[in-house]
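Here is the structure we will look at.
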Amino acid sequence: AQRVTQPEKLLSVFKGAPVELKCNYSYSGSPELFWYVQYSRQRLQLLLRHISRESIKGFTADLNKGETSFHLKKPFAQEEDSAMYYCALKRFGGGFKTIFGAGTRLFVKA
Amino acid sequence: DVKVTQSSRYLVKRTGEKVFLECVQDMDHENMFWYRQDPGLGLRLIYFSYDVKMKEKGDIPEGYSVSREKKERFSLILESASTNQTSMYLCASSLLNERDGYTFGSGTRLTVV
């Protein structure tokens with residue numbers, strides 16, 4: 001079954017501490033993965049895509065096919081990183097459809 | 001530079017009412033989607049559309065229908081609203097191959113009483 005799992009509903013860290021938001025996926029084909037972010041009272045927006053290998057707002061994510069993971073990392077958390085983060089998997093076959101994880105709320109404490 | 005616009009931010013409807021949620025995008029995207037967002041459940045796909053007059057069921061289509069008469073507009077219809085349809089509804093659009101991910105609207109919070 002195709003599935004995206006974000007094991008943590010809430011992650012709380014201190015400002016300046018490293019942060020890692022976990023994402024595991026289940027997919028038989030070659031996955032394409034994304035991270036989306038929703039700041040308070042703002043719309044959900046794309047943060048980064050694994051195919052771009054980019055760093056956005058200091059966040060990076062590496063696809064680990066062996067562990068079927070796509071964890072989102074930042075070495076030094078900032079208060080403005082507090083938001084809801086969703087991991088998403090693009091499915092192929094029968095048209096493209098993206099499925100989302102349940103989300104992790106990141107809270108960065110001052 | 002709003003690109004996906006949902007017509008209402010908040011709606012309160014009575015049980016049994018027919019409800020229309022409207023979404024318009026100005027990016028000439030082929031794909032449009034309706035999701036509902038619930039705490040602890042993430043985003044669940046209700047319906048999506050690849051083209052005008054085309055529609056496909058998502059993961060939770062029961063109790064909903066959609067309409068896409070024009071490329072830029074995708075409507076979600078609750079034929080007879082029920083309290084378990086109280087939720088945040090998100091519209092999104094994308095290119096046909098979803099290469100650049102999705103662009104979301106700001107959401108409609110629907111309360112059915």
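All chains are named by letter (A, B, ...) in the order of the sequence lines, taking the proteins before the strands, and each is independently numbered beginning at 1.
- Residue B:D100 touches chain A through both its backbone and its side chain, counting heavy-atom pairs closer than 4.5 Å.
- Heavy-atom neighbours of chain A within the stretch residues 105-113 of chain B, taken at a separation under 4.5 angstrom, comprise B:G105, B:S106.
- Within a 6.0 Å sphere centred on NZ of B:K71, other residues, nucleotides and ligands contribute more than 12 heavy atoms.
- For A:K57, there are no salt bridge (Lys or Arg N to Asp or Glu O under 4.0 Å) partners two or more places apart in sequence or in a different chain.
- By the criterion of side-chain heavy atoms lying less than 4.5 angstrom apart, applied directly or through intervening Ile, Leu, Val, Met, Phe, Trp or Tyr residues, B:Y64 is grouped together with B:V66 in one hydrophobic cluster.
- No other option in B:A92, B:G58, B:S94, B:G101 has as many heavy-atom pairs under 4.5 Å with chain A as B:G101.
- When all heavy atoms of A:L44 and B:L90 are compared, the pair lying nearest together is CD2-CD1, 4.2 Å.
- In this structure, the side chain of A:K90 engages the main chain of B:N97 through a donor-acceptor pair within 3.5 Å.
- Within the 4.5 angstrom heavy-atom criterion, only backbone atoms of B:L41 (N, CA, C, O) approach chain A.
- Hydrophobic clustering, with ILVMFWY side chains joined whenever heavy atoms are under 4.5 angstrom apart, keeps B:Y47 apart from B:F20.
- Between A:R43 and B:F104 the shortest heavy-atom distance is NH1-O, 3.0 Å.
- In terms of heavy atoms, B:G40 sits closest to A:A102 at O-CB, 3.6 Å.
- By the criterion of side-chain heavy atoms lying less than 4.5 angstrom apart, applied directly or through intervening Ile, Leu, Val, Met, Phe, Trp or Tyr residues, B:Y89 is grouped together with B:I60 in one hydrophobic cluster.
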Steps toward side-chain contact (heavy atoms from CB on, under 4.5 Å) verdict (B:Q37, A:Q38) = CA-CA 12 Å; B:Q37 182 182 31; A:Q38 188 170 30; 2.9 Å; yes
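- With a 6.0 Å radius and a threshold of 12 heavy atoms from other residues, nucleotides or ligands, B:R44 has its CZ atom above the threshold.
- When atom types are taken as modelled, the side chain of B:Y35 and the backbone of A:F100 share no donor-acceptor pair closer than 3.5 angstrom.
- Hydrophobic clustering places A:L46 together with B:L96 (ILVMFWY residues linked when any side-chain heavy atoms are closer than 4.5 Å, directly or through intermediates).
- Heavy atoms of other residues, nucleotides or ligands lying less than 6.0 angstrom from CE of B:M27 number more than 12.
- The neighbour count for A:K9 NZ, taken as heavy atoms of other residues, nucleotides or ligands under 6.0 Å away, does not exceed 12.
- A 6.0 Å sphere centred on CZ of B:R9 holds more than 12 heavy atoms belonging to other residues, nucleotides or ligands.
- Of residues 60-67 of chain A, no residue lies under 4.5 Å from chain B by any heavy-atom pair.
- B:F48 and B:M32 fall into different hydrophobic clusters, where Ile, Leu, Val, Met, Phe, Trp and Tyr side chains are chained together by heavy-atom contacts under 4.5 Å.
- Heavy-atom neighbours of chain A within the stretch residues 77-86 of chain B, taken at a separation under 4.5 angstrom, are nonexistent.
- Residue A:F76 places its CZ atom among 12 or fewer non-hydrogen atoms of other residues, nucleotides or ligands, all under 6.0 Å distant.
- The closest donor-acceptor contact from the side chain of A:Y36 to the backbone of B:Y102 lies under 3.5 Å.
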